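One structure below.
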Amino acid sequence: MTVTETRPESLEEAAAAGAVGALPSGPAPLLPPAPPEGFAGVLATAEHKVVGRLYIGFSLLFLLGGLVLAELVAVEGVDLQTLNVLDADTYFQILTLSQVGVFFLGLMPLLLGVAIHVVPLQVGSATIAFPRAAAASFWTWLVGALLLVAGYGINGGPGGGDPEAVHLTLAAWGMVLAALLLGVICVVTTVLTARPEGMSLKRAPAFAWSMVAGGSVWLLALPVLGANLALVYLDDAHSRILFGQADNVWPQLSWVFASTAVFSFAVPVLGVAADVIPVMAGRRQARYPVGLGLIAAFAVVGFGAHHQTFFNPRLVEQGAFVGASFALLLVLLAFLGGLGDVLRRGRPRIASPLMLAMPAVLLLLGAAAAAAAYSVRGFKLFGTTWGLGVTKLVVGAIVLGAAAALHYWGPKVWGRMPAEPLGRLNALVLLGGAVLYGGSDLVSGAIGQPTTPVTGVATVVEDGAELLNGLGAVGGALLIFGVLLLIVAHLPAAFGQGRRAAADPWGGFTLEWATASPPPHGNFIEPLPAIGSPYPLLDARDATAPAIDALGARSEVV
Amino acid sequence: MASNGAIAATLAPPPPPARPRVMVVGSTLAAAASVMFFMGLVGIYLALRADSLTQGESWLPDDAVISLVPANMLMLTMLISTVPALWAVQALGRGDRQHAYLALGVTLLLAVAFINQSTYLLATSGLTVSTTSGLLIFAIVGGHLVMTVVGLLFFAVAAFRALSGQYRRIADGPAAATVYWFATVAVFAVIWYAVYVTK
Amino acid sequence: MLTTGFKHYVGMAGAFFVAAVVYGWTSGAADWHALRTMGWDSELTEHLARFIGSTLGALTLGYKGAVGDHVGYTILLGAAAVSLTLGLVSVAIRDADARSLAEVARTPEAPPLRLAGTPNYWGPLVGFSVGVGVLGLAISEAFFWIGAGLFAFVGIEWMMQAWADRATADPAANQALRNRLMNPIEVPVAGALVIAFVVIGFSRVLLTVSELGSVVVGIGVAAVIFLVAAALAVRPKLDKNLVTGLLVAFALAVLAGGIIGVARGEREYHPHEPGVEHEGESAESHS
């Protein structure tokens with residue numbers, strides 16, 4: 001066959017063209033050669049499950065690092081009138097790196113990693129859409145993350161003293177962003193195009209749907225951050241007229257960590273909760289599409305790319321911001337009502353996924369309530385640590401949600417059962433840590449403590465603010481301990497130790513539980529069950545053991 | 001080895017059909033992200049220009065010249081290029097390979113012409129990155145040139161694969177390239193109005 | 001019938017549009033200055049003009065009146081337009097539901113997503129090439145263009161691999177076809193790129209370290225290249241993991257060298273100029 005020849009498109013055409021030898025004796029071989037074993041295999045593979053595991057592993061390490069840096073900043077807050085651990089030059093760099101690290105090197109890639117692994121399974125697909133692009137996304141993210149950290153290490157980042165290192169960090173941040181968005185495109189495309197017969201979008205599993213809703217909003221919001229980064233880089237590299245001036249860099253980029261934009265990172269957490277809680281309660285979620293709609297609404301309201309206080313300093317006084325902040329709260333209340341109904345009707349099993357998922361949503365609700373209060377001008381919270389508290393609560397909620405996802409899908413991801421007792425302890429530690437971590441800043445803001453300046457030394461210190469900061473530092477330490485526990489609980493399973501996981505250890509409702517743990521190459525060997533609802537496996541069980549009530553109680557499998 | 005490869009490919013069975021629409025959806029999502037990148041840039045451009053005009057200052061430096069005639073030609077080139085792009089998809093869908101090649105070729109030609117014109121216009125504008133307006137215009141127009149080159153390469157890839165007979169009946173690749181190209185045209189329409197017409 | 005995807009994205013578009021109008025309106029700063037100069041100078045009319053100006057501006061995309069914060073307004077309008085487009089694409093492809101895809105593909109069932117073809121290293125190489133380009137943005141234009149060149153090369157390789165993977169149903173035949181086309185191109189191009197890397201990357205290192213250090217580095221790198229080449233010559237069938245590990249180490253060394261280059265910058269050096277005698281150079285040495 002030459003390049004310009006038209007290849008036959010069917011066996012009949014091939015035979016007609018005289019290529020008799022082309023007719024295969026059996027079905028066309030679908031499986032390409034398996035990647036080589038070992039290190040070379042990991043580099044060469046485009047297997048979504050491997051890419052997902054890589055994302056999960058590395059992002060957990062970066063998350064831990066980011067939280068440790070945030071803890072350094074928190075410890076400095078115990079004495080607001082002087083710096084004890086860091087010097088004035090590095091305080092601001094550590095502050096910014098901790099935020100960038102926690103969100104772009106930790107939380108977002110962690111959720112994306114889970115999605116890259118789990119979502120194709122949830123929609124019954126043999127692979128992810130654009131598998132090589134997903135692999136390229138991971139490697140580009142990893143190299144970008146290393147360059148970003150290295151750039152900070154050589155005095156770069158916002159506030160950095162070495163211009164070339166500042167350029168490096170800005171460009172590397174852009175690289176990280178582009179890589180993550182590429183991974184998001186792969187996941188969203190998978191949900192939109194790879195669903196099996198019968199699985200309309202209304203019946204898509206909640207986590208898969210949350211990746212469509214949240215991923216779409218990330219694709220709309222985060223390129224705007226890319227535009228900010230591009231302008232800052234260009235100006236910093238040339239004339240520093242406006243965007244690249246040292247004092248202006250971080251204010252142009254920090255909107256992504258503030259309300260309302262920060263909530264968009266948490267959209268997949270709602271999907272995790274909406275998948276985990278019905279399974280743990282053994283009940284279907286009533287009015288399932290409404291739940292999906294609420295996830296989508298949360299994502300849309302969490303789009304905060306327009307809330308850039310650098311260009312609109314009076315933002316929080318304006319009605320649009322107030323409306324968005326309260327809308328977040330209302331949507332979450334409705335969503336939580338749906339989950340509460342499932343728990344009320346069911347017999348919840350007290351297992352680590354439930355113990356992590358439910359507090360995650362509750363924390364998110366707390367964060368949304370705090371964000372709503374922040375937007376009320378009469379409360380005079382703008383400029384205080386209250387805003388920081390909102391961000392920290394969201395961080396806590398996402399950590400809890402991601403931990404719930406890992407404990408729930410861990411058996412599928414690793415093929416081994418993660419340590420359940422550690423998971424339960426993890427839930428308590430993370431919840432306690434997150435409440436202290438964010439709550440202390442809220443209380444501090446309520447008593448009027450202004451946000452600490454970039455120098456790390458406050459000019460105003462309200463009574464009790466330092467004590468509250470101490471409590472916040474304890475919360476931060478607990479979060480670090482919680483993430484360490486999470487890693488310890490999964491590390492043996494990740495290296496093939498521990499009890500082998502059954503195909504469906506939780507009595508799951510969705511398709512990922514219809515295949516072995518871990519799934520084979522190509523994911524599904526047996527034909528998929530017929531899909532007539534969002535819960536095909538539950539339907540299959542109900543077909544043999546009829547449902548008890550109208551919403552379909554889970555049969556005795558669990 | 002070489003001849004073995006050719007013989008093996010000739011005798012091998014045809015590939016199983018691909019799942020349709022995957023490329024189109026992926027391309028649409030990528031185009032969406034690209035468009036939002038420019039929305040961020042253009043929003044900042046409009047805001048700073050409005051601030052500058054409100055303060056009674058001139059937005060563009062006195063020695064800068066942004067002629068509308070070549071900008072209009074650019075817009076026209078972009079608009080015209082959408083026709084052969086669609087033509088290519090239609091032709092491939094009908095299995096009309098001759099027309100598909102011609103249409104893909106014309107699209108590529110217009111894309112190259114646009115890049116040539118746009119680069120020339122920017123180079124002769126007298127703008128520098130040492131002013132806020134110059135920096136923003138370079139960022140926006142330069143960024144769009146990159147997007148155009150990506151679109152051009154996307155079309156080139158689609159053309160290559162069409163040439164090798166991989167898009168018959170389901171022209172997903174060219175359709176995906178067309179979606180991205182339309183986004184490129186749409187972004188330029190915004191730039192044309194915001195930067196070139198209203199300056 | 002309107003599909004779920006359409007409703008979702010059009011709902012998003014509607015929400016963003018409403019948000020844009022509300023945001024443009026509430027962020028104030030209507031073009032009331034212009035109206036005031038028309039003679040409306042009482043406080044009431046001023047407020048009224050401001051109200052009308054803001055409302056008109058927000059509703060007419062700023063064509064009449066004015067909007068407040070252009071940044072947020074433009075971003076929200078852009079998000080609305082993009083979401084609307086996503087909705088239209090969704091409905092045009094019927095949400096890519098399996099049944100409609102089967103109809104498009106003219107197969108009894110929708111074909112599954114295709115598994116990735118022959119394992120290859122283009123994914124990691126994309127990351128590496130972008131990383132080199134990013135380093136170039138901080139260090140030097142040459143480094144950036146090397147990264148861009150490598151990225152283009154990897155892109156072409158990736159495209160050819162994707163094309164070949166879909167050529168037939170036989171992976172071995174596909175690979176043979178790819179090799180037949182690409183081997184004559186990729187060997188010289190890859191060789192040129194590696195040489196460019198070594199020369200430019202190496203020159204950056206030599207410019208960064210001290211004069212004595214540059215001699216040590218030069219000898220060290222030459223020795224490493226020699227030893228690796230000798231090892232490959234002696235044992236042409238080295239373990240794949242070992243070779244991959246060496247390549248990754250090379251890639252990391254390039255990136256690390258670049259980072260060190262950023263951190264330390266170039267040392268000051270004094271090139272030889274004709275007719276100028278430098279310290280330590282005797283007249284005899286030139287003779």
Side-chain angles (χ1 to χ4, degrees), chain A residues 3 7 24 28-33 35-36 38-41 43-47 125-127 129 131-132 135-136 139-140 142-144 147 150 154 162 164-165 167-168 171-172 175 192-197 200-202 216 220 224 296 300 303 305-308 311-312 318-320 323 522, chain C residues 3-5 8 11-12 15-16 19 22-23 26-27 69 71-72 75-76 79 82-83 86 95-99 109-110 112-113 115-124 126-128 130-131 134-135 137-139 158 165 167-171 177 181 240-241 244-245 248 255 259 262-263 265:
Chain A
V3 180
R7 62 161 169 72
L30 282 173
L31 295 180
F39 179 59
L43 275 174
T45 190
E47 171 71 55
S125 174
T127 183
R132 273 204 195 89
W139 294 109
T140 308
L142 182 63
V143 174
L147 289 177
I154 55 174
D162 182 336
E164 288 188 335
H167 300 162
L168 179 61
M175 181 178 171
L192 291 179
T193 62
R195 286 166 288 113
E197 175 113 24
S200 63
L201 275 177
K202 268 191 288 195
S216 299
L220 298 183
V224 177
V300 172
F303 173 87
H306 57 298
H307 288 154
Q308 300 193 25
F311 296 105
N312 182 11
Q318 290 158 2
Chain C
T3 62
T4 305
H8 170 233
M12 274 174 71
F16 285 135
V22 173
Y23 186 81
T26 59
S27 55
D69 173 28
V71 180
I75 289 168
L76 283 168
V82 169
S83 303
L86 288 171
D95 274 1
D97 278 333
R99 192 168 293 174
E109 289 178 2
L113 281 184
L115 291 168
T118 314
N120 57 65
Y121 299 100
W122 306 131
V126 166
F128 175 67
V130 178
V134 161
L135 268 173
L137 288 173
I139 311 172
W158 186 338
D165 284 344
T168 74
D170 180 358
L177 189 63
L181 276 170
K240 201 162 191 174
N241 284 322
T244 310
V248 170
L255 294 176
I259 292 164
V262 173

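Please read these numbers as outputs of a predicted model, since none were measured by experiment. Just so it is clear: chains get the letters A, B, ... in the order the sequence lines come, proteins before strands, and each one is counted from 1.
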Minimum heavy-atom distance [X]-[Y], with the two atoms named:
| X | Y | value |
| --- | --- | --- |
| C/Ile259 | A/Ala150 | CD1-CB, 3.5 Å |
| C/Leu113 | A/Ala126 | O-CB, 4.5 Å |
| C/Thr26 | A/Gly319 | CB-N, 3.9 Å |
| A/Met175 | C/Gly127 | CE-O, 3.5 Å |
| A/Asn312 | C/Ser27 | ND2-CB, 4.1 Å |
| C/Gly245 | A/Phe39 | CA-CE2, 3.8 Å |

- Is there a side-chain contact between A/Gln308 and C/Asp69 (heavy atoms, below 4.5 Å)?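 No, every pair of side-chain atoms sits at 4.5 Å or beyond.
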- Under 3.5 Å: donor-acceptor pair, side chain of A/Arg195, backbone of C/Asp95: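 Answer holds: yes.
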- Report yes or no: does C/Asp97 contribute a side-chain atom to a donor-acceptor pair with the main-chain N or O of A/Ser200 at less than 3.5 Å? no
- Apply side-chain contact (heavy atoms from CB on, under 4.5 Å) to C/Ala110 and list each qualifying residue two or more places apart in sequence or on a separate chain.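 For C/Ala110, the residues satisfying side-chain contact (heavy atoms from CB on, under 4.5 Å) (neighbours in sequence not counted) are B/Arg19, C/Ala98, C/Leu101, C/Ala102.
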- Return the set of residues passing side-chain contact (heavy atoms from CB on, under 4.5 Å) with A/Ala165 (not counting sequence neighbours), or none when no residue passes.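 Only A/Ile154, A/Asp162, C/Val262 meet the side-chain contact (heavy atoms from CB on, under 4.5 Å) criterion with A/Ala165.
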Atom pair [atom1]/[atom2] of [X] and [Y] - distance to nearest 0.5 Å:
| X | Y | atom1 | atom2 | value |
| --- | --- | --- | --- | --- |
| A/His306 | C/Ile75 | NE2 | CD1 | 8.5 Å |
| A/Glu47 | C/Leu115 | CD | CG | 7.5 Å |
| A/Leu220 | C/Leu86 | CG | CG | 7.0 Å |
| C/Trp122 | A/Leu43 | CH2 | CG | 13.0 Å |

Among the options [options], pick out the one with the most heavy-atom pairs lying under 4.5 Å from chain A.
| options | value |
| --- | --- |
| C/Val22, C/Val71, C/Asp165 | C/Val71 |
| C/Pro124, C/Ala15, C/Gly131 | C/Pro124 |
| C/Asn120, C/Thr4, C/Val248, C/Val82 | C/Asn120 |
| C/Thr3, C/Leu135, C/Leu255, C/Ile139 | C/Leu135 |

Please classify the contact of [X] with chain C as side chain, backbone, both or neither, using a heavy-atom distance under 4.5 Å.
| X | result |
| --- | --- |
| A/Ser125 | side chain |
| A/Val300 | both |
| A/Leu168 | both |

- Cut-off 4.5 Å, heavy atoms of chain A, and the answer for C/Val130 is both
